[in-house]
Undergrad: 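Before anything else, here's the structure in question.
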Amino acid sequence: KQEVTQIPAALSVPEGENLVLNCSFTDSAIYNLQWFRQDPGKGLTSLLLIQSSQREQTSGRLNASLDKSSGRSTLYIAASQPGDSATYLCAVTSGSRLTFGEGTQLTVNP
Amino acid sequence: DGGITQSPKYLFRKEGQNVTLSCEQNLNHDAMYWYRQDPGQGLRLIYYSQIVNDFQKGDIAEGYSVSREKKESFPLTVTSAQKNPTAFYLCASRTVGSGYGYTFGSGTRLTVV
């Protein structure tokens with residue numbers, strides 16, 4: 001059974017700092033990995049989708065990497081802003097299932 | 001704009017009552033999913049459907065039922081058999097195939113009163 005772990009569970013940083021969120025998964029037989037953002041009481045917004053054959057994806061200040069063989073992904077956020085404050089969820093697709101980590105709650109302080 | 005619409009945003013259920021959560025998508029996606037989110041437990045899969053008139057149980061299907069009569073719609077019924085239904089419910093959809101990601105709705109918060 002696929003298991004996804006995210007570290008740290010919570011992170012508080014000053015505005016402008018670069019930061020890295022970590023995700024690991026136990027079964028490397030994945031189709032893709034997706035990073036989501038969730039604001040309190042809201043649905044999930046997809047940030048980046050990395051196919052199993054890819055090593056990284058970039059969107060604006062966000063960069064996600066994937067090392068399938070070691071079962072790891074990182075989400076790099078450059079020049080963080082207070083508006084980046086949210087919970088970030090990592091999820092992997094294996095077969096017909098999407099398995100989530102429990103998320104990293106990020107707070108960016110002005 | 002294409003997307004997933006969940007309604008209502010908030011729902012209150014009395015003990016012993018069945019309630020139905022709506023999920024509609026206009027993305028022409030084949031597959032639809034229902035997840036439950038509880039604090040400290042992440043998202044758990046309730047039911048999913050990859051084609052009209054067919055659906056499969058997820059990890060926590062007990063006390064829930066679904067139907068998939070149309071490609072665009074995948075309603076979830078929370079029955080009285082679900083003993084702890086208070087949670088945030090999220091619907092998702094995607095095109096079937098290994099290269100496609102998931103799109104999520106804005107969620108329904110269900111509270112038992």
Undergrad: Identify the heavy atoms of A:C90 and A:L33 that sit nearest to each other, and give their distance.
TA: SG-CD1, 3.9 Å
Undergrad: Is it the side chain or the backbone of B:R94 that comes within 4.5 Å of chain A heavy atoms, both, or neither?
TA: side chain
Undergrad: Examine whether an atom of A:L44 lies under 4.5 Å from a heavy atom of chain B, and if so say whether it belongs to the side chain, the backbone or both; otherwise answer neither.
TA: both
Undergrad: Measuring heavy-atom distances to chain B, does A:S96 have an atom under 4.5 Å in its side chain, in its backbone, in both, or in neither?
TA: both
Undergrad: For B:N26 and B:G3, indicate whether the former's side chain and the latter's backbone hold a donor-acceptor pair under 3.5 Å.
TA: yes
Undergrad: Let me know if B:Q6 has heavy atoms under 4.5 Å from chain A in its side chain, its backbone, both or neither.
TA: neither
Undergrad: Parallel, tilted or perpendicular: which fits the ring planes of B:Y35 and B:F104, with parallel below 30° and perpendicular above 60°?
TA: tilted
Undergrad: When you measure from the side chain of A:S24 to the backbone of A:G71, do you find a donor-acceptor pair of N or O atoms at a distance under 3.5 Å?
TA: no
Undergrad: Which bit of A:L89 is near chain B, if near means a heavy-atom gap under 4.5 Å: side chain, backbone, both or neither?
TA: side chain
Undergrad: Is there a donor-acceptor pair under 3.5 Å between the side chain of A:E17 and the backbone N or O of A:Q81?
TA: no
Undergrad: Testing B:L11, B:L21, B:N18 for side chain to side chain contact (heavy atoms under 4.5 Å, CB included) with B:V78, which one passes?
TA: B:L21
Undergrad: Chain A heavy atoms under 4.5 Å from B:Y102: which part of the residue, side chain, backbone, both or neither?
TA: both
Undergrad: Only pairs of heavy atoms separated by less than 4.5 Å count here; which of A:G41, A:A9, A:S52 has the most with chain B?
TA: A:G41
Undergrad: Side chain, backbone, both or neither: which part of B:Q56 has an atom under 4.5 Å from a heavy atom of chain A?
TA: neither
Undergrad: Under a 4.5 Å cutoff for heavy-atom pairs, which residue among B:D59, B:T103, B:L43 has the most contacts with chain A?
TA: B:L43
Undergrad: Assess whether side chain to side chain donor-acceptor pair (under 3.5 Å) is satisfied between A:Q2 and A:S94, documenting all intermediate values.
TA: CA-CA 8 Å; A:Q2 179 75 267; A:S94 313; 3.2 Å; yes
Undergrad: Need one label for B:Y100: side chain, backbone, both or neither, based on atoms under 4.5 Å from any heavy atom in chain A.
TA: backbone
